[in-house]
Each structure stands twice: as structure tokens, then as C-alpha cells.
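Here's the structure we're looking at; comments come further down.
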Amino acid sequence: MIGGVVMDAQKSLVVVGAQWGDEGKGKVIDYLSGEADLVARFQGGDNAGHTVVYGANIFKLHHVPSGILNSGTICLLGNGMVINPLVLIKELEELEKRGIKTTNLRISGKAHLIMAYHQALDDENEKSLGDKKIGTTGRGIGPAYADKVLRRGIRAGDMISPDRFQACLSEVLPLQNRILREIYGHPGYDLIELTDLYRPALERLGPLVTDVALLLSEQLTGGKKVLFEGAQGALLDIDHGTYPYVTSSSTVAAAAASGTGLGPHHLKNVLGVVKAYATRVGEGPFPSEDSSEAGDQLRERGNEYGTTTGRPRRCGWFDAVIARYAARINGLTGLAVTKLDVLSGMELLKMAVSYRCREKDTVNFPLSLEELAQCTPVYETFPGWDEDISRVRSQKDLPAAARQFLNALEEKAGVKIELISVGPDRTQTIIMPNSHLEAWISNKS
Ligand code: IMP
């Protein structure tokens with residue numbers, strides 16, 4: 001049995017964001033999902049936006065794992081997710097229109113639904129916060145998770161028939177309407193109209209509802225390879241992020257277990273994705289933000305505009321304090337560094353290597369926002385390189401300056417680099433020899 005557990009664990013790979021989301025996880029997951037039998041999401045909802053470039057096609061995915069582009073991969077939406085049924089059916093329609101098979105998608109009956117009133121509440125909450133707004137994606141994520149915790153959510157399993165769905169809605173809608181009308185002056189929702197609005201989604205999605213936890217456990221025990229796809233990033237985690245400027249789910253690797261219904265022993269390899277620089281959307285602290293011309297350069301070169309909202313992303317430098325922190329709270333076994341090609345042509349590169357907090361240097365991320373506000377990053381600078389690296393396929397063929405930058409990144413973060421991405425296409429990927437990741441890729445099911 002112990003041997004069996006170890007073997008199962010070798011078959012799983014958790015991929016998480018190790019900054020503020022938008023690290024390029026979509027590309028990394030799309031690349032790796034070709035090696036997986038199953039890809040499972042375990043938290044978040046359509047606040048996530050993965051841009052995947054596949055040949056001449058660009059796909060923008062919000063709920064559906066990037067693995068859907070591989071016709072043999074089973075894609076799962078786990079119980080830790082919140083799902084907007086209206087958005088999900090559109091996403092599936094769009095994929096099907098472009099010839100992508102979606103029959104391999106399954107939804108946990110325990111995942112919670114994001115309803116129209118959650119989106120309205122998200123908007124109203126943000127408006128009422130004024131200057132203190134979180135800068136959410138406006139997708140209703142926080143209110144949907146709040147209702148889950150308050151034990152008044154509607155779950156994917158309630159979509160199996162219109163009668164059941166309407167019965168659930170009729171229980172929760174009066175209170176939601178009272179909140180919307182009495183606190184925010186919003187007109188609220190009509191029960192019959194809302195049921196009718198969701199009817200096509202129930203028809204399309206109801207048959208996909210499955211016991212995802214059971215399916216995953218059977219598949220792992222049967223020796224299948226599973227990729228767990230994280231959304232957002234470590235610093236947006238509800239507990240470990242820069243609260244309250246965070247999302248409403250647990251974004252760290254451990255959530256892959258609770259968010260799909262598996263025990264933690266199934267998880268072994270944890271790949272943290274970082275950009276070679278840093279970005280953040282929404283409000284909240286961002287110590288290595290660069291509001292000068294260099295930040296603008298990074299935004300334009302890296303096309304740093306939100307996939308979900310189109311908002312320009314705040315840009316800055318790679319922050320090794322954050323990478324170290326993300327490594328610790330996730331138990332990272334390796335790093336994937338994305339968008340290295342974006343740095344080509346920058347004269348000088350900066351990296352935050354420690355924080356100066358009340359006249360002391362630290363490499364540990366502070367406990368509270370108050371402490372963080374008293375810290376300034378300490379930078380090291382590195383020479384840039386001019387070469388176009390988008391065709392490089394081996395780490396040793398990178399310019400010396402790029403290797404120097406990556407060596408420092410790895411050393412300061414305290415985690416080995418296992419994957420380097422030098423462009424958006426699948427082929428623009430370097431896997432480090434003798435890494436955990438290489439072993440996972442070659443470990444056939
Ligand atoms: P929410 O998840 O929509 O509630 O937004 C909360 C915070 O998380 C905001 O700062 C969002 O910009 C941020 N956020 C949520 N999802 C993502 C993502 O996929 N990438 C980057 N930031 C995100």
C-alpha cells in the first residue's frame with residue numbers, strides 16, 4: 001500500500017501561480033496537459049482567464065482547463081470551484097464552434113454556482129467600498145463563496161433538473177432580493193425569469209455532473225497521470241495573500257486535495273509558475289511595482305492586459321521575497337519561469353532580493369499589510385541582453401546575461417527552475433534536464 005501511494009503521488013502534478021495570478025499558467029498547463037490523462041481545476045471560477053496560443057488559434061478560457069485542447073484529456077471542475085453556468089455554456093459553445101471536442105468535461109456536483117445575484121452583489125459591494133474597493137473581476141466570486149460558507153449556496157448537483165433548481169432558488173432568492181433591494185436599491189430578480197434564464201445551462205451542464213472525487217481517486221489508483229490546475233496566485237490566496245486585496249479561495253497547492261476531494265498524500269510534485277518580472281491587477285500592495293517608463297515598457301512588450309477584464313496590469317520587477325514565500329506556503333518542488341523573452345532588449349534588469357523593514361533587511365514576506373507598508377524592496381541589478389531568445393530550446397543556448405539572471409532568480413527564490421518559457425506557443429518551452437518535471441513528463445501512465 002505504501003508503495004502504491006508513492007506511485008500514485010508520482011503521477012500527480014500541481015501547477016500553481018506563485019505571484020499575483022496571470023503568471024502564464026495557461027500556457028504551461030496547456031503544454032503539460034498533453035502529458036496528463038486528466039486535468040482538474042480545484043478553486044476559483046471565471047475570474048481566471050487563461051490565454052492559450054495553439055498554432056494560429058488563440059483561446060481564452062475561464063472555467064475550462066486548458067487540457068480541453070487535447071482531445072484525449074479528461075477535464076474536471078472540482079468541488080472547490082465556483083461555476084457560472086451561463087458563462088460556462090458560452091465557453092463550451094465557443095470551443096465547439098472552433099472544432100474542439102468538449103465531451104471530456106465533468107463537473108463536481110459539490111461545486112457551487114455563481115448566480116446572477118452574486119454578480120450584482122459583487123458590483124454593489126465594490127461600489128460601496130469607494131476608494132477602498134478590492135478591484136475584483138466583477139464575476140461574483142466573493143459573494144458565491146460567501147454563500148457557500150453561509151450554507152445557502154446552490155450547487156452544480158442542483159442542476160440535474162429544472163424542478164430541483166427552481167426549488168433551491170425559491171429558498172434562497174427572497175433573502176438575496178431583500179439584501180439587493182433594501183441595502184443597495186437594486187431591483188432584484190424574479191424567480192420564474194431566473195429559472196428560465198438558466199434552463200439552457202441546466203440542460204447542457206446537468207448531464208456533466210459527476211462524483212469528481214471518486215473518479216479522480218480511481219484514476220490515480222489505476223496509475224493515470226493527473227495535472228491539478230491552479231488559478232490566480234499565492235499572493236491572492238484568501239489566507240496567505242495580501243488580505244483583503246485577495247480572491248475568495250485558497251489558491252495554494254494544498255487546496256488541490258480539498259478542492260477535488262482527495263487526500264494530501266496524492267500530491268507530490270508542485271510546480272510554481274512565475275513571470276520573469278511581476279504584474280498585478282486590481283488594488284493592493286505591490287512592493288516591486290515600477291510606475292516609471294520601465295513598467296510601461298514591460299506592459300507593452302508583455303501585452304499585460306487582463307484576459308478576463310481587459311484592464312491594464314500594474315507592472316514591476318521579479319520579487320524573490322515573494323517567490324520564497326510562495327515556495328514555502330505551497331511546498332514548491334520546482335519553478336516555471338515564463339515570459340523570459342519579454343525581457344530581451346531591456347538595458348538593465350532589476351530583481352527585489354530582500355525587503356528593508358524598519359532599518360532591518362529581511363528575506364521573509366511580512367505578516368501584515370501594516371508591516372508590509374513599512375518595507376521597501378532592496379534591488380539587485382543585472383545586465384540585459386539584446387538577442388531574440390524566442391527560438392532557443394535549451395537553457396545552455398540562452399545568452400550569458402539571461403543565464404545569470406535565471407541563476408540569481410533560482411538562488412534567491414530557493415527553488416530549482418524546471419521549465420522556462422520563451423514565447424506563447426507550446427513549442428517555445430525549455431524543460432530542464434534531470435528535473436522533477438522531466439521525470440513526471442517521462443513517467444508514462
Ligand atoms: P475576484 O477574484 O474577482 O474577487 O477579485 C479579487 C482580486 O483578485 C482582484 O484584485 C482581482 O484582480 C484578482 N484576481 C482574480 N482572479 C485573477 C486572475 O485570474 N488573475 C489575476 N488576478 C486575479
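Order of appearance sets the numbers: ligands from 1, and atoms from 1 within every ligand.
Nearest protein neighbour of atom 12 (O) of ligand 1, counting heavy atoms only, is Arg311 NH2, 3.0 Å. Looking at atom 5 (O) of ligand 1, its nearest protein heavy atom turns out to be Thr136 CA, 3.3 Å. For atom 17 (C) of ligand 1, the closest non-hydrogen atom on the protein side is Gln232 CG, 3.5 Å. The protein heavy atom nearest to atom 3 (O) of ligand 1 is Thr137 OG1, 2.6 Å.
Within the 3.5 Å criterion, the main-chain N or O of Arg314 finds no donor-acceptor partner in the side chain of Glu289. Judged by distance alone, with hydrogens and angles left aside, the side-chain atoms of Lys148 form no donor-acceptor pair with the main-chain N or O of Gly80 at under 3.5 Å. Looking at Arg41, its side chain does come within 3.5 Å of a backbone N or O of Gln43 through a donor-acceptor pair. The closest donor-acceptor contact from the side chain of Gln219 to the backbone of Leu38 lies at 3.5 Å or more, if one exists at all. Remark: the backbone N or O of Ile430 is not paired with any side-chain donor or acceptor of Gln395 at under 3.5 angstrom. Side-chain N or O atoms of Trp317 include none that pairs as donor or acceptor with a backbone N or O of Ala278 at under 3.5 Å.
Every atom of ligand 1 is numbered from 1 in the order shown, and the set under 4.0 Å from a heavy atom of Trp20 is 21 (C), 22 (N). Of all the atoms in ligand 1, the ones that sit under 4.0 Å from a non-hydrogen atom of Val281 are 10 (O), 12 (O), 21 (C), 22 (N). Of all atoms in ligand 1, numbered sequentially from 1 with element shown, those under 4.0 Å from a heavy atom of Thr247 are 1 (P), 2 (O), 6 (C).
Every residue was checked against the salt bridge (Lys or Arg N to Asp or Glu O under 4.0 Å) condition with Glu418, not counting sequence neighbours, and none meets it.
At a heavy-atom distance under 4.0 Å, only backbone atoms of Val246 (N, CA, C or O) approach ligand 1. With a heavy-atom cut-off of 4.0 Å, Tyr245 does not touch ligand 1 at all. Proximity of Arg313 to ligand 1, defined as any heavy-atom pair under 4.0 Å, is not found for any part of the residue. The side chain of Leu236, and not its backbone, has at least one atom closer than 4.0 Å to an atom of ligand 1 (non-hydrogen atoms only; side chain from C-beta on).
Look at Ser248 and you'll find every heavy atom at least 4.0 Å from all atoms of ligand 1. By the 4.0 Å heavy-atom criterion, Gly135 is counted among the residues contacting ligand 1.
To the nearest 0.5 Å, atom CD of residue Glu371 and atom SG of residue Cys357 are 7.5 Å apart.
Of the polar atoms of Asn47, at least one N or O is found under 3.5 Å from an N or O of ligand 1, judged by distance alone. For ligand 1, the polar-atom distance check against Arg280 finds no nitrogen or oxygen pair separated by under 3.5 Å. Every N/O-N/O distance between Arg139 and ligand 1 stays at or above 3.5 Å. Considering both main-chain and side-chain atoms, Asp22 comes within under 3.5 Å of ligand 1 through a nitrogen or oxygen pair. For ligand 1, the polar-atom distance check against Asp122 finds no nitrogen or oxygen pair separated by under 3.5 Å.
Remark: of the listed residues Gln297, Arg299, Glu304, Gln297 is the sole one forming a side chain to side chain contact (heavy atoms under 4.5 Å, CB included) with Arg301. Checking each of Asp237, Asn47, Thr247, Asp22 against Gln232 for a side chain to side chain donor-acceptor pair (under 3.5 Å) leaves exactly one that passes, namely Asn47.
Between Phe405 and Phe382, the angle of the ring planes goes over 60°, which puts this pair in the perpendicular group of the 30/60° scheme.
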